[in-house]
Amino acid sequence: MHPRLQILHRSKQIVRTLCSLTCVPRNPTSEKLNLPLVSELLAKQRWSELRTHLKDSDFTSVFHQVLDSGADPVLILRYLHCCQKDFNAAHNLELTFRLLGSLAIAKRYSKIRAFLHGFVRSNEKLSNSAIFNSLSLGSKHLAANSIIVNLLVLAYAKNLKTHLGVEAFQKAGDYGFKLVVFSCNPLLRALVKEGEIGNVEFVYREMIRRRIRPNLYTFNMVIRGLCKVGKLEEAKDVIINDMKAWGISPNVVSYNTLIDGYCKLGGLGKMYKADAIVKEMMANNIRPNKCTYNILISGFGKDENVPAAVKVFEAITKQDLKPDEFTCCSLINGLCRIGELDKACDLLGEMRGLGLKPNVITYNALINGFCKKKMMKRARELFDDIGRQGLEPSVITYNTLIDAYSKDGMMKEAYEVYNSMLERGVSPNTSTFNCRIAGLCRQGNMEMAMKLLHEMEVDGLRADRITYNTLIDGLCKEGKSRKAGTLLDEMFKKRLSPNHLTYNFLMDGYCREGNLSAALNLRALMEKGGKRPNTATYNALIKGYSKKDKLEDANGLLNEMLEKGLVPNQTTYEIVKEEMMKKGFVPDIDWHLYNISSS
DNA sequence: ATAGGGTTAG
């Protein structure tokens, strides 16, 4: 038969079948399809005919029967995509996962992957319980189901649905599905990116418990996660103990990550510690690369140790490596921090000679330098240069300017910059609002500052700890510590964990207003929250007690603070002098003991 | 099919 005739013949057949179907008394569950025909139409991918053919049938019943028929799952999937409006994966979960199971058995993994990607993206409300339930009901094929679960975790990770990803990871263990490193690593990556380091540690521990073999990438991501929250000793332990135990050698990335951790959160003498890691890495026969040097330059720059940064810069050239955009940017930033703005500008000019093109980040560092010196005209000129260089200002460029204007009390200018970023289609972020809020707090305009807290949430931005700290401090400085206290409650409700600054701002507010009982309650609360009172906490309390003429109590606090090994700062001495000595009270302190323990 | 470096806000 001629192909054309064949088609015609088949079309007639379809019409006939269609009639017979519609003539049958309607009973969806017992509805029988002309399965051979459906299969053939599927196989020939004649979608529109198939759709016409099945139009009046109960969709779920068709889906069911087609699956049972053993038709090619790829074709079924394609058909489902054709009739998207009838096919709602969420409503036919069990069948959907049976189909995915068939795809897994047929090794059509990329099809499952693509499907699940869209699935987790579009089904906002879908629960993992429902998914795992359907999965285990639909098929008992453990290997196939494991593959699906791996790809589900991967889909969550890729879509940054970290909460659901961790939950699926957990359920996979409960149901006995085997996960592999190829889906765990992307999950770790997403968790590190989102700053959910508690979950990074959880997933890592679980991987080891479930004998999912971590690879070099796994370790490097865990190191990064730990460094991000300042758990530097733990990060180091991963290199020294865990990796060795698994027979995996750390590479230059492992060490660079750790070095960067020390540069950013290493505390006092951090650059010495960073330097020690470099030596350790070299002792293990791993040569530092350009990235290592860039990390160090950035670290020294932030430490305002430009001579050391320059030394590293020179080391790069000596090793026949070329400085790159990162190198120059970090050095420019360092120069800006110590106020060497002309030298920073010179280096910007020299970049072109090195064949390097400055980018927005480089400009941001420079603009920030001028802003911090309140040289707003020069900052504006650089801002205009960005456009002339064919670059676009970033949200950080705008934030830097908004912050500088607000701090200078130039609220009108700050607002104009804010408007211009909106006009240029750059979306404000949480920091943008934090800068604006800080400016208003500084002006004592707490009403407007609180309004912005609301406004940012209307804009879909989440207030973070900095937002709340700024507002709490602002309210306390205006004598509104009770209101500030309600913001602390709000933080807990939003699962934002307060830090030392949060407690200390509020503590200072209560003490200023003479509300010592509130201050003491807060101290108890902060200790309950795992935050030990620090020097600033004691400063607030000592000042509070002194102001109420409870000088003996203040003296007791002073001694308590020293006994705990806390180091008094300039503020402490001023409080002692202004609030205690001026009233004729001489603190009774074992200074000698203190001097020994602090030296 | 995955890891490291540059800029802002309390």
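Lettering of chains follows the sequences in order, A, B, ..., and the numbering in each one begins at 1. Below, each value reflects all heavy atoms present in this structure, side chains not excepted, and no hydrogens, waters or symmetry copies.
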Worksheet item: What integer distance in Å separates A:R465:CZ from B:dA9:C1'?
Response: 13 Å

Fill in: Protein-nucleotide distance (A:K290, atom NZ; B:dG4, atom P), rounded to Å
18 Å

Discussion item. Under 4.0 Å, heavy atoms only, any strand: does A:K264 hit a base, just the sugar-phosphate, or nothing?
Written reply: sugar-phosphate

Worksheet item: Is there a side-chain contact (heavy atoms from CB on, under 4.5 Å) between A:E416 and A:S420 once you walk through the steps?
Response: CA-CA 6 Å; A:E416 279 166 8; A:S420 73; over 6 Å; no

Discussion item. Under a plain distance cut-off of 3.5 Å, with no hydrogens placed, do A:T218 and A:N185 share a side-chain donor-acceptor pair?
Written reply: yes

Discussion item. From CE of A:M207 over to C1' of B:dA3, roughly how many Å is that when rounded to an integer?
Written reply: 13 Å

Discussion item. From the set B:dA3, B:dT7, B:dG10, return the single nucleotide nearest to any side-chain atom of A:I466.
Written reply: B:dG10

Worksheet item: Quick one, which residues of residues 312-332 of chain A touch DNA chain B with a heavy atom under 4.0 Å?
Response: A:D324, A:E325, A:F326, A:C329, A:S330

Practice prompt. Nearest whole angstrom, please: distance from the P of B:dA9 to the OH of A:Y418.
Written response: 19 Å

Worksheet, complete the sentence: Rounded to whole Å, the CZ-C1' distance (A:R224 to B:dA3) equals 10 Å

Worksheet item: With A:V360, which residues qualify under side chain to side chain contact (heavy atoms under 4.5 Å, CB included), at least two apart?
Response: A:N364, A:L391, A:S394, A:T397

Worksheet item: So which of residues 388-417 of chain A are in contact with DNA chain B, with a heavy-atom cut-off of under 4.0 Å?
Response: A:I396, A:N399, A:T400, A:D403, A:K407

Discussion item. Could you check whether A:R436 makes a cation-pi contact with A:F433, meaning its NZ or CZ is under 6.0 Å from the centre of the six-membered ring and within 45° of the ring axis?
Written reply: yes

Worksheet item: If you take atom types as modelled and just measure distance, does the side chain of A:N289 reach the base of B:dG4 with a donor-acceptor pair under 3.5 Å?
Response: yes

Worksheet, complete the sentence: Residue set satisfying side chain to side chain contact (heavy atoms under 4.5 Å, CB included) with A:F326, at least two apart, ordered chain then number -> A:N294, A:D324

Fill in: pair A:S330-A:F300: side-chain heavy atoms closer than 4.5 Å
no

Worksheet item: Starting at CD1 of A:I239 and ending at C1' of B:dA3, how long is that distance when rounded to a whole Å?
Response: 12 Å

Item to complete: Tell me what A:I295 touches on the nucleic acid: a base, only sugar-phosphate, or nothing, going by heavy atoms under 4.0 Å.
Response: sugar-phosphate

Item to complete: Give the rounded distance in Å between these two atoms: CZ of A:F182 and C1' of B:dA3.
Response: 15 Å

Worksheet item: Under 4.0 Å between a side-chain N or O of A:K372 and OP1 or OP2 of B:dT7?
Response: no

Response to the item:
Quick note, salt bridge (charged side-chain N to carboxylate O under 4.0 Å, His left out) partners involving residues 234-250 of chain A, not counting sequence neighbours, are A:K236-A:E280

Practice prompt. Taking all heavy atoms of A:G266 and all of A:L232, pick out the closest pair and write down the distance.
Written response: CA-CD1, 3.8 Å

Item to complete: In whole angstrom, give the distance that lies between atom CD1 of A:I297 and atom P of B:dG4.
Response: 20 Å

Item to complete: Taking atom types as modelled, find out whether A:N429 and A:N434 have a side-chain donor-acceptor pair closer than 3.5 angstrom.
Response: no

Worksheet, complete the sentence: Sequence neighbours excluded, the answer for side chain to side chain contact (heavy atoms under 4.5 Å, CB included) partners of A:K161 is A:E124, A:Y156, A:N159, A:L164

Worksheet item: For the residue pair A:Y405 and A:Y418, is the inter-centroid distance of their aromatic rings smaller than 6.0 Å?
Response: no

Practice prompt. Using the side-chain hydrogen bond (donor to acceptor under 3.5 Å, both in side chains) rule, collect all pairs that involve residues 335-358 of chain A, keeping only residues at least two apart or in two chains.
Written response: A:R352-A:Q389

Worksheet item: Do the side-chain N or O atoms of A:N368 get closer than 4.0 angstrom to the phosphate oxygens (OP1, OP2) of B:dT8?
Response: yes

With a 3.5 Å cut-off and sequence neighbours excluded, list the donor-acceptor pairs that the side chains of residues 437-460 of chain A form with protein atoms.
| unit_1 | atom_1 | unit_2 | atom_2 | d |
| --- | --- | --- | --- | --- |
| A:N445 | OD1 | A:M448 | N | 3.2 |
| A:E457 | OE2 | A:K494 | NZ | 2.5 |

Worksheet item: Where along residues 426-445 of chain A does a heavy atom come under 4.0 Å from DNA chain B, residue by residue in number order?
Response: A:S431, A:N434, A:C435

Discussion item. Using a strict heavy-atom distance below 4.0 Å, which residues from residues 276-288 of chain A are in contact with DNA chain B?
Written reply: none

Worksheet item: Applying salt bridge (charged side-chain N to carboxylate O under 4.0 Å, His left out), which residue pairs with at least one partner in residues 363-377 of chain A are found, sequence neighbours left out?
Response: A:K374-A:D408

Worksheet item: Is there side-chain contact between A:L356 and A:K322, with heavy atoms separated by less than 4.5 Å?
Response: no

Worksheet item: Distance under 6.0 Å and angle within 45° of the ring axis: does A:R205 meet both against A:F202?
Response: no

Worksheet, complete the sentence: Closest of B:dA3, B:dT7, B:dG6 to the A:L216 side chain is B:dA3

Worksheet item: On a plain distance test, is the side chain of A:N251 in donor-acceptor contact with the base of B:dA3 below 3.5 Å?
Response: yes

Worksheet item: Under 3.5 Å, is there a donor-acceptor pair between the A:D508 and A:N539 side chains?
Response: no

Discussion item. Heavy atoms within less than 4.0 Å of DNA chain B: which residues of residues 335-361 of chain A have one? Give them sorted by number.
Written reply: A:R337, A:N359, A:I361

